[in-house]
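What follows is one structure encoded as structure tokens, with my remarks underneath.
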Amino acid sequence: MATSGRARKIYLSVEGRATNTWITGEISNSLDISRETFGGTDKASLWDDFFAGKGSWSGSASFNLDNTAGGGQISLLNSIIAGTYVYLFVGELNGGAQGNGIFGKAIVTSVSESNADGSVSTRDISFQGCGAPTKVPT
């Protein structure tokens, strides 16, 4: 069965481990995990055989700036600037526990805001993973 994008949220923390703090107003999030590959066959082979090399991961999240968010959430969102290390979890909470997702430490690479007249103000945050992410089982 397919999983709704609405169910997979991003939870952020700037201290210690993820505290499952979801930011009110999240519009979307994305996550990309990749590995370099390299060929390992000799000239006699007609087909390459590839091996996994170094891995990396990155992602982003977009938020409507919502004045009804709790003070702690607003403080967290305002404390995130480029160069800040964050702990994040992208996935689902099952009874308050992390499940069916990815957890890791990342550095914020950019924060941008859009404040067009007649529109809701939005904030976009991009990040680059530090080390390997951890798959959180269901």
Side-chain angles (χ1 to χ4, degrees):
M1 179 174 201
T3 299
S4 168
R6 182 174 296 234
R8 294 184 61 81
K9 298 177 181 174
I10 187 166
Y11 301 87
L12 299 169
S13 171
V14 293
E15 299 175 7
R17 297 188 52 81
T19 58
N20 298 336
T21 301
W22 179 69
I23 306 297
T24 300
E26 179 187 346
I27 302 167
S28 66
N29 68 67
S30 66
L31 186 64
D32 178 52
I33 302 171
S34 60
R35 297 290 295 256
E36 296 175 354
T37 58
F38 60 93
T41 57
D42 62 22
K43 292 180 181 181
S45 177
L46 296 177
W47 293 94
D48 275 334
D49 192 9
F50 287 91
F51 302 93
K54 288 186 177 182
S56 66
W57 61 284
S58 62
S60 64
S62 296
F63 305 91
N64 284 326
L65 297 181
D66 189 337
N67 289 332
T68 65
Q73 289 185 349
I74 293 170
S75 176
L76 172 64
L77 196 56
N78 287 336
S79 72
I80 296 173
I81 59 174
T84 302
Y85 287 96
V86 294
Y87 293 85
L88 56 91
F89 170 69
V90 176
E92 302 170 40
L93 293 186
N94 300 320
Q98 296 173 355
N100 190 24
I102 301 292
F103 171 80
K105 180 180 179 182
I107 189 168
V108 175
T109 57
S110 70
V111 178
S112 61
E113 218 175 85
S114 177
N115 300 297
D117 186 29
S119 296
V120 173
S121 293
T122 61
R123 183 169 293 160
D124 298 322
I125 301 172
S126 297
F127 54 86
Q128 180 66 51
C130 298
T134 302
K135 173 141 179 48
V136 179
T138 56

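No hydrogens, no waters, no symmetry mates; every other heavy atom, side chains included, goes into these values.
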Taking all non-hydrogen atoms of both residues into account, name the closest pair between [X] and [Y] and its distance.
{"X": "Ile33", "Y": "Pro133", "value": "CD1-CG, 4.2 Å"}
{"X": "Asp49", "Y": "Thr41", "value": "N-CG2, 3.2 Å"}
{"X": "Glu26", "Y": "Arg8", "value": "OE2-O, 4.4 Å"}
{"X": "Asn29", "Y": "Ile10", "value": "ND2-N, 3.6 Å"}
{"X": "Gly55", "Y": "Arg35", "value": "CA-CD, 3.3 Å"}
{"X": "Val111", "Y": "Ala82", "value": "CG2-N, 4.0 Å"}

Would you indicate whether the side-chain heavy atoms of Phe103 and Tyr87 approach each other to under 4.5 Å?
yes
Would you indicate whether the side-chain heavy atoms of Gln98 and Leu93 approach each other to under 4.5 Å?
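Counting from C-beta outward, Leu93 and Gln98 do come under 4.5 Å.
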Atom pair [atom1] ([X]) and [atom2] ([Y]), whose distance is rounded to the nearest 0.5 Å:
{"X": "Ser13", "Y": "Tyr85", "atom1": "OG", "atom2": "OH", "answer": "15.5 Å"}
{"X": "Ser112", "Y": "Arg123", "atom1": "OG", "atom2": "CZ", "answer": "9.5 Å"}
{"X": "Lys54", "Y": "Thr37", "atom1": "NZ", "atom2": "OG1", "answer": "14.5 Å"}
{"X": "Ile80", "Y": "Ile125", "atom1": "CD1", "atom2": "CD1", "answer": "4.5 Å"}
{"X": "Thr84", "Y": "Ile107", "atom1": "OG1", "atom2": "CD1", "answer": "8.0 Å"}
{"X": "Glu92", "Y": "Tyr11", "atom1": "CD", "atom2": "OH", "answer": "8.0 Å"}

Under 3.5 Å donor-acceptor, Thr109 side chain and Ser126 backbone:
yes
Are the side chain of Ser45 and the backbone of Asp42 linked by a donor-acceptor contact shorter than 3.5 Å?
no
Can you hop from Ile27 to Leu12 via hydrophobic side chains spaced under 4.5 Å?
no
List the steps and the verdict of side-chain contact (heavy atoms from CB on, under 4.5 Å) for Gln128 and Ser56.
CA-CA 8 Å; Gln128 180 66 51; Ser56 66; 4.1 Å; yes
ring-ring contact (aromatic ring centres under 6.0 Å, His included) assessment of Phe38 paired with Phe51:
CA-CA 6 Å; Phe38 60 93; Phe51 302 93; 5.7 Å; yes
With no hydrogens and no angle check, do the side chains of Ser30 and Ser60 hold a donor and an acceptor under 3.5 Å apart?
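Ser30 vs Ser60: donor-acceptor pair found between side chains.
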Can you confirm whether the side chains of Ser121 and Asn115 place a donor and an acceptor under 3.5 Å from each other?
yes
Can you tell me how the ring of Phe127 sits relative to the ring of Trp57, calling it parallel under 30°, perpendicular over 60° and tilted otherwise?
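Taking Trp57 first and then Phe127, their aromatic rings stand perpendicular (interplane angle over 60°).
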